[in-house]
Amino acid sequence: EVQLQASGGGLVQAGGSLRLSCTASDFRFDDYAIGWFRQAPGKEREGVAAISPRDGTTYYTDPVKGRATISSDNTRNTVYLQMNALTAEDTAVYYCVADYYLGPYGPGWDKRFLGDYWGRGTQVTVSS
């Protein structure tokens with residue numbers, strides 16, 4: 001059974017940092033791009049960042065550009081999302097998502113990232 005296990009969420013003060021982890025099991029890690037999406041109360045779900053473990057290509061959405069870094073450890077089937085300079089706008093449930101990777105997504109990656117597998121979310125709360 002495919003599993004995406006997200007961890008690392010919690011309560012952090014504004015201006016602080018955190019690192020989310022997503023560990024995948026029971027599928028070929030290199031065949032998928034792994035992304036992070038988030039959803040805040042009363043808001044639509046939005047993409048945050050994604051990476052192709054196969055070729056290392058990374059993708060970010062504008063709200064987190066310059067503050068987030070996504071990386072992968074292929075030996076551990078794990079993707080990390082480092083986020084810095086957190087604000088209350090970053091408060092959301094963060095989901096780890098796997099999408100079968102057919103090649104670079106290009107602009108608007110988050111609209112093309114369909115998500116074959118979704119993990120349970122991890123709550124991130126930023127206090128101001």
Find the distance between CD (Q13) and OG1 (T87) and round it off to the nearest 0.5 Å. 14.0 Å
Could you list who else is in L114's hydrophobic cluster, with ILVMFWY side chains joined at under 4.5 Å, directly or through other members? none
How close do S72 and V79 get, counting heavy atoms only, and between which atoms? CB-CG2, 3.9 Å
Out of curiosity, does I51 fall in the hydrophobic cluster containing L18 (side-chain heavy atoms, cut-off under 4.5 Å, transitive links)? yes
Taking side-chain hydrogen bond (donor to acceptor under 3.5 Å, both in side chains) as the definition, give me every residue that meets it alongside S17, ordered by chain and number, with sequence neighbours left out. N84
Hey, could you give me the CD/CZ distance between Q3 and F27, rounded to the nearest 0.5 Å? 11.0 Å
Do you know the tightest heavy-atom contact between A92 and A40? CB-N, 3.8 Å
Show every salt bridge (charged side-chain N to carboxylate O under 4.0 Å, His left out) that has at least one partner inside residues 111-128, sequence neighbours left out. none
Are V124 and V64 linked, directly or through other ILVMFWY residues, by side chains that come within less than 4.5 angstrom of each other? yes
Tell me, do N74 and D30 make a side-chain contact under 4.5 Å, heavy atoms counted? yes
Check for me, please, whether V48 and I70 land in the same ILVMFWY cluster - side-chain distances under 4.5 Å, paths through other members count. yes
Is there a donor-acceptor contact under 3.5 Å from the side chain of T78 to the main chain of T23? no
With sequence neighbours left out, the residues meeting side chain to side chain contact (heavy atoms under 4.5 Å, CB included) with R28 are D31
From Y94 OH over to T122 OG1, what is the distance, rounded to the nearest 0.5 angstrom? 10.5 Å
Using distance alone, with no hydrogens and no angle criterion, decide if D99 and Y105 have a side-chain donor and acceptor under 3.5 Å apart. yes
T61: partners by side-chain hydrogen bond (donor to acceptor under 3.5 Å, both in side chains), with sequence neighbours left out: none
Specify the closest pair of heavy atoms between S52 and Y101, including all atoms of both residues, with the distance to one decimal. OG-CE2, 3.1 Å
Do you know the tightest heavy-atom contact between W36 and C22? CZ2-CB, 3.5 Å
Shared hydrophobic cluster for V97 and L20 (ILVMFWY, side-chain gaps under 4.5 Å): no
Closest heavy-atom pair and its distance - I34, A98: CD1-CB, 3.8 Å
If the plane angle is over 60° it's perpendicular, under 30° parallel, otherwise tilted; pick one for F37 and W118. tilted
Any chance you could lay out the side chain to side chain contact (heavy atoms under 4.5 Å, CB included) test for L11 and Q123, step after step, and finish with the verdict? CA-CA 8 Å; L11 177 64; Q123 176 71 47; over 6 Å; no
Looking only at heavy atoms, what is the nearest atom pair of A68 and Y60, with distance? O-CE2, 3.3 Å
Got more than 12 heavy atoms from elsewhere within 6.0 Å of CD, Q82? yes
Rounded to the nearest 0.5 angstrom, the CG-OG distance for L86 and S127 is 10.0 Å
Non-hydrogen side-chain atoms of Y32 and P53 separated by less than 4.5 Å: no
Approximate separation, where rounding is to 0.5 Å, of L81 CG and C96 SG: 10.0 Å
Roughly how far apart are Y117 OH and Y100 OH, rounded to 0.5 Å? 10.5 Å
Restricting to pairs with a member in residues 66-94, which pass salt bridge (charged side-chain N to carboxylate O under 4.0 Å, His left out), not counting sequence neighbours? R38-D90, K43-E89, R67-D90, D73-R76
